[in-house]
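Shown next, in structure tokens, is the structure this report addresses.
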Protein chains: 2
Amino acid sequence: MTHPPKRPLTLRDVSEASGVSEMTVSRVLRNKGDVSEATRTKVREAAKRLGYVPNKIAGALASQRVNLVAVIIPSLKNMVFPEVLSGISEVLEDTGLQPVVGVTDYLPEKEEKVLFEMLSWRPSGVIIAGLEHTEASRAMLAQSGIPVVEIMDVDGEPVDTCVGISHRRAGRMMAEAIINAGYRKIGFMGTKMPLDHRARKRFEGFTRTLAKAGIEIADQEFYSGGSALAKGREMTAAMLERSPDLDFLYYSNDMIGAGGLLYLLEQGIDIPGQVGLAAFNGVELLDGLPRQLATMDACRREIGQRAAQVIADRHGGRDTGESVHSLSPTLAYGDTLRRP
Amino acid sequence: MTHPPKRPLTLRDVSEASGVSEMTVSRVLRNKGDVSEATRTKVREAAKRLGYVPNKIAGALASQRVNLVAVIIPSLKNMVFPEVLSGISEVLEDTGLQPVVGVTDYLPEKEEKVLFEMLSWRPSGVIIAGLEHTEASRAMLAQSGIPVVEIMDVDGEPVDTCVGISHRRAGRMMAEAIINAGYRKIGFMGTKMPLDHRARKRFEGFTRTLAKAGIEIADQEFYSGGSALAKGREMTAAMLERSPDLDFLYYSNDMIGAGGLLYLLEQGIDIPGQVGLAAFNGVELLDGLPRQLATMDACRREIGQRAAQVIADRHGGRDTGESVHSLSPTLAYGDTLRRP
DNA sequence: ATGAAAGCGCTAACAA
DNA sequence: TTGTTAGCGCTTTCAT
């Protein structure tokens, strides 16, 4: 066992150990330029023997190139964003680019801080959730000089490019399906709005479409914090107590919808006869529930893939044409929403 | 609207714009050294007006200091790791250190790659899940010269420091509780083992303790992929079909346990009389289930906090004494495991 | 309180 | 195919 070095090894150490110039060592380690097979192996051996780990900081400064892509999302606990992330990783995997994740907790000021922090590492691109940012954040993005992809949402003006679905349209589609199925007394449950613009837009699309059909939300409740499943259960119980004549419940996310579903089944309520249910996201979790909850797929993985593709293309000098990539969510009726 | 710059701004630009030397600008932007209030504001204004974003790459190279902590985990979809991460973020928040996440997908070679990649950015510390790594990974960690904390598990030899629970002991505790409650025909369901050392250790602790009491696992099944909730449901149905005389089902994680619970309730099976259930992790999700599933808390948030604390302390020059931080999981009987 | 000079460890560009 | 020379944009150190 050799003694752990206080000073990390440098190219110079490998150069001396292998009797080859630093420049050539650098070339070998990056597989760049022509190097004879002989020196190649000599260098590789020395590097491995010493346990050399290159210093990307120095490399990045010298080459003015950083293979990082900043990915800025509101939360990791949401089930939704990990899926977007795997879409991103999947595509970046074979491009030499690497995602680096920053979390904002849905706070605009924290987003600004995280963005500033990440931009100061001079990444090759930014993927950031949502179209709503502070003035300063938008300015930073616009000034950054690197490809910027805003994801999840297309209802608004992107700084550069966006990939997502229209949440207003998603809300509208769901409202139409519910109306067409004959439901009329509709309750809504969701997260507290100011935090989540996409939930807000779905709600807007939803209520406006109902309004056009002369229907008003009969009851509504908003929550924050705690186990979403438990919250869904509690809110549903409370709402049905308060407004026993409701014939439909629309939930802003699948977890609270699942909680509501479990509650209603326990109460022996006829679904979707007496009460219909629908939610939003299409998370995998729903597959294990006693009934298939009606929901709308948010195209999470595909959003991640497309966003990463845009970054990769632009990084490779290819242009991607369109600045708005609008995907189409699909409605799953499941067992809790009557078909028209 | 000024034209977006092709070349990112440098200290020099701010220096010229404010009529102050680069050095002084640098001092202002880092709040270091004595600078008169007058120049301070002058510089701040110029920086803000120009939209200057410092270049951390150059800063890190010059100062030989990087405020990043590499966090390497197997997956983000697991519900478990996001919680560990928030424990980490929470503590690092007020230390000036920033977590950077790398994901290994439970693959040792990918872990090695990710580790190499992250170490090449010369972080101030490493937090990495598990005690099992490739030879090369261990060597890199040992050679890195920075604090290394292996988390989640304490059954083994840490390279440097570890923070976690003993999964063998967790398995043993659960086996003892089940035996004491009088159950005898026990079925096990879990993930395919080779991927997950901690699940494997729990299983080992579990079976050994049963063996000492003269009990053998009566049936077992392992899965991989798919919706865990649905898998739990399917596996439970299949197992009870196959082995109708089972009186207890132990699941290696809460999601499949929840799936099993939902299935059994639908079948009208008496829980915990006819069949008892228990799982592992204590995830928040369980709060919304019709019955409280017996489980064992894995101390996820606390593990994150302690690990981050170790890094922060060592980074600040403080020594943390012990190299093994063993936390104690607590057993929650819930409604699905008879008390002794 | 401010500035000037000398690198940090690497790579681009050129030379041999 | 290999080596040499200048930086990359900042911070450290030492003057002033």
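We name chains A, B, ... by the order of the sequence lines, and we start the count at 1 in each one.
If you walk DNA chain D from 5' to 3' and mark each nucleotide with an atom closer than 4.0 Å to a heavy atom of chain B, the marks span D/dG9 to D/dT12.
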Hey, can you pull the donor-acceptor pairs under 3.5 Å for the side chains in residues 43-52 of chain B, sequence neighbours left out?
from: B/R44; atom 1: NH2; to: B/N31; atom 2: OD1; distance (Å): 3.2

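Using a 4.0 Å heavy-atom cutoff across all strands shown, B/R27 reaches at least one base atom of the nucleic acid.
Taking atom CZ of B/R122 as the reference point, atom C1' of C/dG9 lies 9 Å away to the nearest angstrom. Distance A/L29 CG to C/dA12 P: 14 Å, rounded to the nearest Å. C/dC10 atom P lies 11 Å from atom CZ of A/R30, rounded to whole Å. Rounded to a whole Å, the CD atom of B/E22 is 15 Å from the P atom of C/dA6. A/M23 places its CE atom 17 Å from the P atom of C/dA16, with the value rounded to the nearest Å. Put simply, CG on B/D34 is 15 Å from C1' on C/dG3, counting in whole angstrom units.
A 6.0 Å sphere centred on CZ of A/R318 holds more than 12 heavy atoms belonging to other residues, nucleotides or ligands. For B/R12, the CZ atom counts as loosely surrounded, since its 6.0 Å shell holds 12 or fewer non-hydrogen atoms of other residues, nucleotides or ligands. Shown here is B/E322, whose CD atom has more than 12 heavy atoms of other residues, nucleotides or ligands within 6.0 Å.
Not one side-chain nitrogen or oxygen of A/S63 sits closer than 4.0 Å to the OP1 or OP2 atom of C/dT11.
Heavy-atom distances to DNA chain C give each of B/T24 and B/Q64 a nearest nucleotide, and the one nearer the 5′ end belongs to B/T24. Mapping B/L61 and B/G33 onto DNA chain C by nearest heavy atom places B/G33 closer to the 5' end of the strand.
Closest to the side chain of B/V35, out of C/dT11, C/dG7, C/dT2, is C/dT2.
Salt-bridge annotation for B/E157 and B/R138: absent, with no side-chain N of the basic residue lying under 4.0 Å from a carboxylate O of the acidic one.
Closest approach of A/R198 to A/G130, counting heavy atoms only: NH1-CA, 3.4 Å.
Looking only at distances, no side-chain donor or acceptor of B/S326 sits under 3.5 Å from a matching main-chain atom of B/I165.
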